[in-house]
Amino acid sequence: MKKVITYGTYDLLHYGHTRLLERAKALGDYLIVGVTSDDFDKTRGKINVEQSLNERVQAIKETGIADEVIIEEYEGQKIDDIIKYDIDIFAIGSDWAGYFDYLKEYCEVVYLDRTKGISSSQLREERASVRLGMVGSSPILAKMAREVSYVNGVTLHAVCTDDIAHLPEEMSIDLVTSDYEAMLAHVDAVYVHSDPASHYEQVKKALEEKKHVLCETPVALSKEETSSLYALAKEQGVILMEALKTAYSLAYQRLLVLLKSGRIGRIVSVDATCTSLRDIEGDASTRFAPKWNSICTWGPTAMLPVFQFLGTDYKEKRITSQMDPVKENYDLFSKIDFLYEDAVASIKVAKGVKSEGELVISGTKGYLYVPAPWWKTDYYETRFENPANNKRYFYQLDGEGIRYEIVAFARTINSDVNLSRIDEEMSIAFAGVLEDFYAGKDCVRINVAPDAEVTTTVQA
Ligand code: C2G
């Protein structure tokens, strides 16, 4: 019996795929089809796959062409499979010509002509393309434009910004304007990343115009405003999603479910630090983001693991901030301590102080350690009393996780599945902490005298 094997994602199965399978089958008597797992696809850069692994496997089985279906999960598995299943022929489309010649050491390799005029990504684009607009500063818009280019089904149509002169020339967009309403009229959905104090009004306006909204955290600076925006989105039948790239990164998603499964026991303490001095050094973002103080820039990110592992119903909190002596409401550094019934949490956020940006989650059986910069991690460790039980985890992270949140946003718009990783309760909890910060509630100020010289004396 001559055994043939082939592999693929097989997303949104189409006649290009089935023609390939038929011709592969015709090369022998028995065809094994390897369908790629979600993680494997993400690792090899395929972030737009719409169907789950189960749906894709089912579709292959229903063709009746495959004699056996297996899952492809890791780089190099093809060699293992060819040996394990005693394969005679490896077949794949000609778009891979040459790429799998290394398999000739193990079996015959056949490249079959790729069917022209059809592809899964083309089908995704056709299914429902989201015309996206963005409002914010040029460094942010340039970064987002690059990330949007990786996402099937979303096209950038308009941007609204006050510093048009600084937009990169290569950003070919239909409309570049400083008029927010003109931008809204041009699109189906908008990404909002302007000043924290402007988010509420801009999101409200977009929702009133029945536009879907992806708003960079924080969505608003009070609980009431935040919950009213979610209510408005529901009323208008559109999506409001809070953008927080860490929540959408693969490594962070995997550490979340790992700890929720009890891997380090009951969680007693969460310690998260996020700092970035770049604004103080006067680079571009200072000019464009004067109102992004430490607690707005980093607070929600640092609070994400706190609220996800310990919940939002803390008993007490204390916000200790060092305020800029000149800029109003601008904290150079804030430390927030949360007290729960059976746990504690402490976060440090700063744009005027540098510290180790790590995440440590302490449990009754062990602890999780994520090195700096934990918020865009592709690696973390679980550590135990017996170091032999320590385990390291590595994941692919492209674009700091931003493109994954755009994929989640587009898929939530085009389907009835809500793929948002920040739910309304979390959104409101973030806003509640910020609201108290601005109101001075639960706050302690450790201020810098206006003329204080920041000096460090090294003890002799
Ligand atoms: N294919 C084709 N004609 C098309 C589209 C796809 O012949 N119009 C073939 C591809 O060449 C591949 C198979 O159908 O042999 C599955 O295609 P994809 O689902 O895009 O899978 P791919 O990303 O090519 O994965 O380890 C995975 C494999 O390396 C291939």
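For reference, positions follow the sequence shown, starting with 1. As a basis for the values below, the full set of heavy atoms in this structure was taken, side chains included, without hydrogen atoms, waters or symmetry mates. Each ligand, and each atom within it, is numbered from 1 in the order the structure gives.
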> Backbone, side chain, both or neither: what part of H14 comes under 4.0 angstrom of ligand 1, heavy atoms only?
Replying inline: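 The answer is the side chain of H14.
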>> Side chain, backbone, both or neither: which applies to T36 and ligand 1 if a contact is any heavy-atom pair less than 4.0 Å apart?
In response: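 Side chain only; the backbone of T36 stays clear of ligand 1.
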Consider every N or O of [X] and every N or O of ligand 1, then say whether any pair is closer than 3.5 Å.
X: D95; value: yes
X: T6; value: no
X: R44; value: yes
X: L20; value: no
X: I118; value: yes
X: Y10; value: yes
X: R23; value: no
X: K46; value: yes

> Cation-pi between K78 and Y7: NZ/CZ under 6.0 Å from ring centre and within 45° of the ring axis?
Replying inline: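 The answer is yes; both the distance and angle limits are met.
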>> Using the side-chain hydrogen bond (donor to acceptor under 3.5 Å, both in side chains) criterion, which residues pair with T115? Sequence neighbours excluded.
In response: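 Applying side-chain hydrogen bond (donor to acceptor under 3.5 Å, both in side chains) to T115 gives R19.
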Which residue owns the protein heavy atom closest to [atom], what's the atom, and how far is it?
atom: atom 27 (C) of ligand 1; answer: E72 OE1, 3.3 Å
atom: atom 24 (O) of ligand 1; answer: W96 NE1, 2.8 Å
atom: atom 15 (O) of ligand 1; answer: G93 N, 3.0 Å
atom: atom 14 (O) of ligand 1; answer: H17 CD2, 3.5 Å
atom: atom 21 (O) of ligand 1; answer: T9 N, 3.2 Å
atom: atom 6 (C) of ligand 1; answer: R114 NH1, 3.4 Å

Assess the side chains of [X] and [Y]: does a donor N or O sit below 3.5 Å from an acceptor N or O?
X: E424; Y: S227; result: no
X: S427; Y: Y230; result: yes
X: Y191; Y: E216; result: yes
X: T36; Y: T9; result: yes
X: S276; Y: K351; result: no
X: S52; Y: E55; result: yes

May I ask whether [X] has any heavy atom positioned less than 4.0 angstrom from an atom of ligand 1?
X: R19; answer: no
X: K78; answer: yes
X: Y99; answer: no

>> As an exercise, identify every atom of ligand 1 less than 4.0 angstrom from a heavy atom of F100.
In response: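 Counting atoms of ligand 1 from 1, those under 4.0 Å from F100 are 29 (O).
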> Short list, please: which atoms of ligand 1 are under 4.0 Å from a heavy atom of I92?
Replying inline: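 Reading through ligand 1 atom by atom, the close ones are 15 (O), 28 (C), 29 (O), 30 (C).
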Tell me the closest heavy-atom pair linking [X] and [Y], and the distance in Å.
X: N389; Y: R263; result: O-NH2, 4.4 Å
X: V69; Y: A66; result: CG2-CB, 4.1 Å
X: L31; Y: L21; result: CD2-O, 3.7 Å

>> Quick test of your reading: applying ring pair (Phe, Tyr, Trp, His ring centres under 6.0 Å), list the pairs with at least one residue in residues 14-37, sequence neighbours left out, ordered by first then second residue.
In response: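 Residue pairs with at least one partner in residues 14-37: Y10-H17, H14-H17.
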> Ring centroid separation for F90 and F100, is it under 6.0 angstrom?
Replying inline: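 For F90 and F100, the ring centres are under 6.0 Å apart.
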